[in-house]
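The structure presented is a predicted model; accordingly, all values stated were derived computationally and were not measured. Whatever order the structure lists them in is the order used to number ligands and atoms, beginning at 1.
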Amino acid sequence: MTAPPRTDGLPALLIVCVLAVASVVIGAMGVAPSRVTAEELLGAARDPGETAFVAGHRGGTTAAPENTLPAVREALRAGFEYVEVDLVLTADGHAVLMHDRTVDRTTDGQGSVAALTLDEVRDLDAGSWFSPAFAGTQVPTAEEFLDVLAGSHARAILDLKGTWTPEAAATLVGSLVERDLERVVAVASFDARTLAYVQARSEVVARLISLKKLPSDIAHAVRQVGARGILIGRKALEAQPEVIDELHAAGLRVIVYTLNSDTQWGRVTDLGVDGIVTDDAGLLYSWQQGLADG
Ligand code: G3P
């Protein structure tokens with residue numbers, strides 16, 4: 001009698017080759033990468049009292065000037081799991097890290113970012129206003145930030161300010177793909193059109209809806225546009241805390257901004273928010289550790 005062929009002794013190299021060929025075939029068949037889930041990017045939905053993830057606001061604002069590479073590098077060096085940065089478009093359509101519509105507060109220049117070219121923005125000093133130690137710090141491009149992020153284990157929330165163009169959204173998505181960052185970044189915006197432009201370029205990248213107020217039936221609204229959750233101000237959330245359960249039940253996440261005191265952290269943790277944006281991530285981590293230690 002002929003024994004059936006054995007498969008348990010296949011050399012490892014053969015198995016690796018078979019898997020490699022299979023992945024090439026699947027790729028050639030055009031199987032798209034799966035959409036990033038809320039759980040994958042933001043973790044499991046928190047129960048009331050459970051520790052929320054921490055996101056350093058504007059890359060961190062205490063150790064270095066906000067939305068600059070020194071701030072981001074310090075946040076990453078300190079081991080923060082998420083950084084939140086703001087991106088605005090220059091007159092020639094480049095995304096740079098900045099919160100305000102004008103360069104007045106955080107650089108030595110004046111005027112609207114949208115009226116300045118990238119070269120003009122790059123000539124500005126974005127560090128001296130914070131401290132002479134940061135004199136000469138440039139306004140980073142989105143690509144510079146993503147290069148730093150790609151060299152870390154951190155995740156990021158990209159807060160797209162204003163209304164973007166389809167071209168700028170496409171460039172951003174391309175930059176994420178080039179650096180293999182599609183699965184570690186969430187794109188947030190107050191502007192529905194901007195989020196739609198991102199979605200048009202990638203169904204993979206997770207999107208978050210930024211809100212100052214909560215519309216009725218928020219879970220339905222978020223699901224309808226395929227976003228993964230909301231970024232919401234504390235007061236609006238505390239006025240309608242029941243939305244946390246509604247969003248969690250719909251598989252969505254709730255991130256609250258921008259909280260800087262233990263009283264505020266305590267309140268939203270008791271409500272079961274999933275993430276907290278803060279100016280002082282180090283202090284929030286210490287506070288969370290204190291809770292865990294009882
Ligand atoms: O987008 C939500 C949150 O990050 C807003 O913060 O920097 O605009 O005050 P910010």
Review point. Is a side-chain donor-acceptor pair under 3.5 Å present for D100 with T102?
Key: no
**Study point:** CD (E242) with more than 12 external heavy atoms under 6.0 Å
**Key:** yes
Point to revise | Check: D274 and L247 side chains under 4.5 Å, non-hydrogen atoms | key: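 The answer is no; the side chains never approach within 4.5 Å.
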Could you tell me, for ligand 1, which of its N or O atoms are under 3.5 Å from any protein N or O, listing the pairs and their distances rounded to 0.1 Å?
| from | atom 1 | to | atom 2 | distance (Å) |
| --- | --- | --- | --- | --- |
| ligand 1 | 1 (O) | D159 | OD2 | 2.5 |
| ligand 1 | 4 (O) | E84 | OE2 | 2.6 |
| ligand 1 | 4 (O) | D159 | OD2 | 3.4 |
| ligand 1 | 6 (O) | H57 | NE2 | 3.3 |
| ligand 1 | 7 (O) | H57 | NE2 | 2.6 |
| ligand 1 | 7 (O) | R58 | NE | 3.0 |
| ligand 1 | 7 (O) | R58 | NH2 | 3.1 |
| ligand 1 | 7 (O) | H99 | NE2 | 3.2 |
| ligand 1 | 8 (O) | H99 | NE2 | 2.8 |
| ligand 1 | 8 (O) | K161 | NZ | 2.8 |
| ligand 1 | 9 (O) | R58 | NH2 | 3.1 |

**Study point:** side chain to side chain donor-acceptor pair (under 3.5 Å) partners for R46, two or more places apart
**Key:**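 Side chain to side chain donor-acceptor pair (under 3.5 Å) list for R46, sorted by chain: empty.
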Exercise for review: Any pair with a residue in residues 201-223 that passes salt bridge (charged side-chain N to carboxylate O under 4.0 Å, His left out), sequence neighbours left out, goes on the list, sorted by first then second residue, please.
Suggested key: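 Qualifying pairs: R35-E203.
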Exercise for review: Would you mind listing every salt bridge (charged side-chain N to carboxylate O under 4.0 Å, His left out) that reaches into residues 283-294, with sequence neighbours excluded?
Suggested key: none
